[in-house]
Amino acid sequence: MYEIVRREVLAEDSDLFEIYAPEIAKKAKAGQFVIIRINETGERIPLTLADFDAKKGTITLVALRVGKTTHLLGTLKAGDEILDVVGPLGNPTEIDNYGRVICVGGGLGIATIITICKALKDAGNYVIGIIGARTKDLLIYEDKLRGICNELHISTDDGSYGHHGFVTDVLKKLLDEGDTIDIIWAIGPAIMMKFVCKTTESYKIKTIVSLNPIMVDGTGMCGACRVEVDGKTKFTCVHGPEFDGHKVNWDLLLSRQQMYLNSEKLSFNKFKEKIRG
Amino acid sequence: MNMEKRKPSKRKLKVEMQQQEIEVRIRNFNEVPFGYSEEQAIEEAKRCLQCKKPKCVEGCPVDVDIPAFIKLIEDGKFDKAAKKIKEKNSLPAICGRVCPQEDQCEKVCILGRKKEFEPVAIGRLERFAADWEAEHGTVKVPNTPPPTGKKVAVVGSGPAGLTCAFDLVKMGHQITLFESLHKAGGVLVYGIPEFRLPKKIVQREVDYIRSLGVNLRVNSLIGKLYTIDELKGKYDAIFLGTGAGLPMFLGIPGENYNGVYSANEFLTRSNLMKAYLFPEWDTPIKRGKKVAVVGGGNVAMDSARTALRLGADEVYLVYRRSEKEMPARIEEIERAKEEGIKFMILSNPVEVIGENGWVKALKCIKMELGEPDESGRRRPIPIPGSEFMFDIDLFIVAIGTRPNPLISQTTPALKTTKWGTIVVQEDVPKTSLDGVYAGGDIVTGAATVILAMGAGKEAAKAIDEYLKKK
Ligand SMILES: Cc1cc2nc3c(=O)[nH]c(=O)nc-3n(C[C@H](O)[C@H](O)[C@H](O)COP(=O)(O)OP(=O)(O)OC[C@H]3O[C@@H](n4cnc5c(N)ncnc54)[C@H](O)[C@@H]3O)c2cc1C
Ligand SMILES: Cc1cc2nc3c(=O)[nH]c(=O)nc-3n(C[C@H](O)[C@H](O)[C@H](O)COP(=O)(O)OP(=O)(O)OC[C@H]3O[C@@H](n4cnc5c(N)ncnc54)[C@H](O)[C@@H]3O)c2cc1C
Ligand code: FES
């Protein structure tokens, strides 16, 4: 059992959970994730480590409420327990002194990109953050990122804050302005990562993405998480989650994410009925 | 006591074991056979010749004293019979159900050599004794010797790890059992379906081992949470029983379409995650109407029979050799056929055809058998121009598994073969690292429950000796 020591509602649909898991906290590195199972009948879902604190023995997860499991998670409070947490899983981000780096975070990816920005900054990079969300209220962690990044650019789809448009517009503008950029990280919904990669391809700047296919075990024993990179099948949980975005078969990822759409709906509706009582 | 000389019964065939009616069982996940009643068990036990030089014991990888436990059943001493088996085999309820007896003890049974005679149903009797004990008997917690103060980490809780932990804790060592999944049991819980091995039986064994003081740590992926080097700093010895859980794919076009599963994923969703109980349980699974499974082993049979129970109308088993070469247990092949699984032998998939991201059809090629290969089985060769296609909506790949490279990747000094299995010495199951032992599928590649148990046992002995010298 893993105790939730802090829970915050970050934005309309996203929750933060700080969980006591000292062994994982000690081992965790930027870019890794955990798999949780809330209760005995629950499914296993992956969530990225948004933060970890070896001294306090805690890890922080940020979850966007989309379906049954993340909504169920959203009903938990500080003091409640999660049945299973396994990790740290996946390979850590390859942190190095690259020079000038752009980190693009979309929606929930903003929470994830923080640990990466921090590690890149600590390694001596000039870090430019670009974050975007549908609307101002969904922008999370702006302050935190301002403290870490050398520059922070913001966009909202509806223009309620920062640049009116997508993160890719901001990115393109920065790239056109001509300062050399050595490497880019892009983390967010698959569709956003796909378009970031499309944008950066013509500038020939290496772009690392963190893929989020459906997973079961997260240890390499099922192949649910397989993706195609450079024409080869890879298991995201053990070979990734970070890959060279220019080599990813995005349409396959997007299609595989939809595999259980009908079941997910059924499960979520059942959950909503139960909550309503 | 009857002092007359014992005469074995003259019955030629095994006493039949009642099982669920076919039409009923193909739509539920309950265990197929019901097991012997006391009377049936005694009747079967009477068939045993009680050979002076029993061959069956030689056929058993862990040397269970088979004639002795059968005699105890015959005499109605069921509890004692179970204890007799447990002297050598700590998981009889499991082995009685899943061991390939037809290739082991029953294969060499002297009775079975007689014309028209079947061998003694050793597996069924083993299962009976173990179930009887669980239901009525006394589960004895063995006297453990005083603690030795030595600590051992056992990694992986499949049959190899469970057996190794069990033996070592009985020797007075302090055991921590690390398991990456949220439940202990290895393939016994995530792979082998409920209808063949009820999970409560596995749970019973795991509970028993914990009751002896083994500290089970689930959710602990070694290689990530702790490296082997880190474990070496905390424990006096290590046993690696991490199995061969990495699924192989065919490498043909279209294999990543939705609706294509590795057998491991399909079975894990159904067994470990209880997707057959969706939506009461949260994990979903694709229920196919027309299903193809490729492979010819137990894993393929289990996948096919699971797909059927999830509501398929037709299930095809595609296998590239002939039925004779199938590595699955005969019993499993027979059950699969009875249940209506259609065998498409001498065929091999060459392409998965998709539509809108989903599998739609399977293209196969016909094969013929050539000269025997390294495995001694005749090599299948494709017949040019013999491709054919049929519609499916679910495709399960059950062509084998390999060891998961996680531990070897994070432990460069650990010697492995080109197949990824861990190298151990010929005489003792010791790896290239001091104090680190290994056994089960991680050493042999995918094999059997009983061989994994035997390996766990052997390793426990070797570790005990190592610790005494340390
Ligand atoms: C490596 C990795 C890291 C992730 N990190 C985060 C994170 O930090 N925060 C966050 O909110 N989300 C993260 N996700 C996605 C998150 O796991 C899914 O949103 C969650 O599983 C949805 O479950 P649900 O029951 O609420 O929704 P559902 O209605 O079941 O599913 C909604 C969508 O989520 C995806 N999904 C469903 N089940 C799974 C599963 N078992 N594994 C992966 N994806 C699934 C599917 O694409 C699906 O269409 C991550 C995914 C991966 C693979
Ligand atoms: C579907 C199926 C049906 C089968 N049917 C039969 C049958 O009828 N009869 C028979 O005799 N055999 C059968 N087998 C084979 C048999 O189950 C295996 O040979 C046996 O389970 C191997 O035991 P093991 O202990 O070596 O490994 P496993 O049972 O594979 O257990 C290994 C355990 O280690 C864990 N692990 C792996 N890596 C790590 C890590 N890094 N850290 C922590 N834990 C880790 C795994 O999660 C797993 O729980 C079947 C196999 C399958 C897949
Ligand atoms: S989630 Fe099962 S192999 Fe990656």
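A quick note: this is a predicted structure, and the numbers were derived from the prediction, not measured. Numbered from 1 within each chain, the chains take letters A, B, ... in sequence-line order.
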(request) Could you tell me which of Gly223(A), Ala28(A), Gly90(A), Gly218(A) has the largest number of non-hydrogen atom pairs under 4.5 Å with chain B? (result) Gly90(A)
(message) Heavy-atom cut-off 4.5 Å, strictly under: side chain, backbone, both or neither for Ile285(B) against chain A?
(response) backbone
(message) Treating Arg287(B) as the side-chain partner and Ala307(B) as the backbone partner, does any N or O pair qualify as donor plus acceptor under 3.5 Å?
(response) no
(request) Flag the one option from Glu264(A), Arg44(A), Gln32(A), Lys26(A) with the top tally of heavy-atom pairs under 4.5 Å to chain B. (result) Arg44(A)
(message) Between Asn404(B) and chain A, with a heavy-atom cut-off of 4.5 Å, which part of the residue counts as in contact: side chain, backbone, both or neither?
(response) side chain
(request) Check each atom of Phe268(A) against the heavy atoms of chain B and say whether the ones under 4.5 Å are side chain, backbone, both or neither. (result) neither
(message) Please check this pair: side chain of Asp15(A) against backbone of Val9(A), looking for a donor-acceptor N/O pair closer than 3.5 Å.
(response) no
(request) Name the option with the most non-hydrogen atom pairs under 4.5 Å to chain A; the candidates are Arg269(B), Glu280(B), Glu255(B), Lys286(B). (result) Arg269(B)
(request) Apply salt bridge (Lys or Arg N to Asp or Glu O under 4.0 Å) to Lys224(B) and Glu23(A), showing your working. (result) CA-CA 11 Å; Lys224(B) 288 283 178 189; Glu23(A) 290 172 294; over 6 Å; no
(message) For the interface with chain B, which of Thr69(A), Val85(A), Asn249(A) has the highest count of heavy-atom pairs at distances below 4.5 Å?
(response) Val85(A)
(request) Find the distance between NZ (Lys247(A)) and CD (Glu201(A)) and round it off to the nearest 0.5 Å. (result) 11.0 Å
(request) State whether the side chain of Thr227(B) and the backbone N or O of Gly223(B) hold a donor-acceptor pair below 3.5 Å, judged by distance alone. (result) no
(message) Checking an interface table here. Which of residues 227-235 of chain A come within a heavy-atom distance under 4.5 Å of chain B?
(response) Glu228(A), Thr233(A), Phe235(A)
(message) Taking side chain as everything from C-beta outward and backbone as N, CA, C, O, which of these in Arg256(A) sits under 4.5 Å from a heavy atom of chain B? Side chain, backbone, both or neither.
(response) both
(request) With a 4.5 Å cut-off on heavy-atom pairs, point out which of Pro284(B), Gly357(B), Pro279(B) contacts chain A the most. (result) Pro284(B)
(message) Just verifying a value: how many Å separate Asp84(A) CG and Asn219(B) CG, rounded to the nearest 0.5 Å?
(response) 4.0 Å
(request) Answer with yes or no whether the side chains of Gln257(A) and Asn212(A) bring together a donor and an acceptor at under 3.5 Å. (result) yes
(request) Go through the atoms of Glu230(B) and report whether side chain, backbone, both or neither lie under 4.5 Å from a heavy atom of chain A. (result) side chain
(request) Would you confirm whether Ser262(B), through its side chain, and Glu265(B), through its main-chain N or O, come within 3.5 Å as a donor-acceptor pair? (result) yes
(message) So for Phe266(B), is it side chain, backbone, both, or neither that comes closer than 4.5 Å to the heavy atoms of chain A?
(response) neither
(request) Answer yes or no: is there a side-chain heavy-atom contact under 4.5 Å between Leu188(B) and Val449(B)? (result) yes
(message) Does Lys194(A), at its NZ atom, have more than 12 non-hydrogen atoms belonging to other residues, nucleotides or ligands within less than 6.0 Å?
(response) yes
(message) Taking Tyr190(B)'s backbone N and O only, do any of them form a donor-acceptor pair with Asn271(B)'s side chain (distance below 3.5 Å, no angle check)?
(response) yes
(message) Which residue is it: Arg210(B), Arg204(B), Gln203(B)? I am looking for the one with a side chain to side chain donor-acceptor pair (under 3.5 Å) to Asp207(B).
(response) Gln203(B)
(request) Under 4.5 Å heavy-atom distance to chain B, tell me which part of Ile24(A) shows up: side chain, backbone, both or neither. (result) both
(request) Report the option among Glu40(A), Arg37(A), Lys68(A) that has the most heavy-atom pairs separated by less than 4.5 Å from atoms of chain B. (result) Arg37(A)
(request) Could you tell me which portion of Ile214(A) (side chain, backbone, both or neither) has an atom closer than 4.5 angstrom to a non-hydrogen atom of chain B? (result) side chain
(request) Please flag which part of Gln409(B) lies under 4.5 Å from any non-hydrogen atom of chain A: side chain, backbone, both or neither. (result) neither
(message) Can you tell me which portion of Asn269(A) sits under 4.5 Å from chain B's heavy atoms? Options are side chain, backbone, both or neither.
(response) neither
(request) Examine the side chains of Glu43(A) and Thr283(B) and answer whether a donor and an acceptor come within less than 3.5 Å of each other. (result) no
(request) Give a yes or no on whether Asn356(B) atom CG has more than 12 heavy-atom contacts from other residues, nucleotides or ligands under 6.0 Å away. (result) no
(message) Which atoms of Val260(B) are under 4.5 Å from chain A, going by heavy atoms: the side chain, the backbone, both sets, or neither?
(response) both
(request) Without swapping roles, check the side chain of Thr58(A) against the backbone of Ile19(A) for a donor-acceptor pair under 3.5 Å. (result) no
(message) Using side-chain heavy atoms (C-beta onward) and a distance below 4.5 Å, is Leu49(A) in contact with Thr115(A)?
(response) no
(message) Within 45 degrees of the ring normal and closer than 6.0 Å to the centroid, is that where the cationic atom of Lys198(A) sits relative to Trp250(A)?
(response) no
(message) Please classify the contact between Lys274(B) and chain A as side chain, backbone, both or neither, with a heavy-atom cut-off of under 4.5 Å.
(response) neither
(message) At a heavy-atom distance under 4.5 Å, which candidate from Ser267(A), Ala224(A), Cys222(A) has the highest pair count against chain B?
(response) Cys222(A)
(request) For chain A, find which of Asn256(B), Asn264(B), Thr268(B) contributes the most heavy-atom pairs closer than 4.5 angstrom. (result) Asn256(B)
(request) Could you have a look at Val218(B), Leu181(B), Asn258(B), Leu277(B) and say which one has the most heavy-atom pairs with chain A under 4.5 angstrom? (result) Asn258(B)
(message) At a 4.5 Å cut-off on heavy atoms, which part of Arg217(B) comes close to chain A: side chain, backbone, both, or neither?
(response) side chain
(request) Please state whether the side chain, the backbone, both or neither of Leu225(B) comes within less than 4.5 Å of a heavy atom of chain A. (result) both
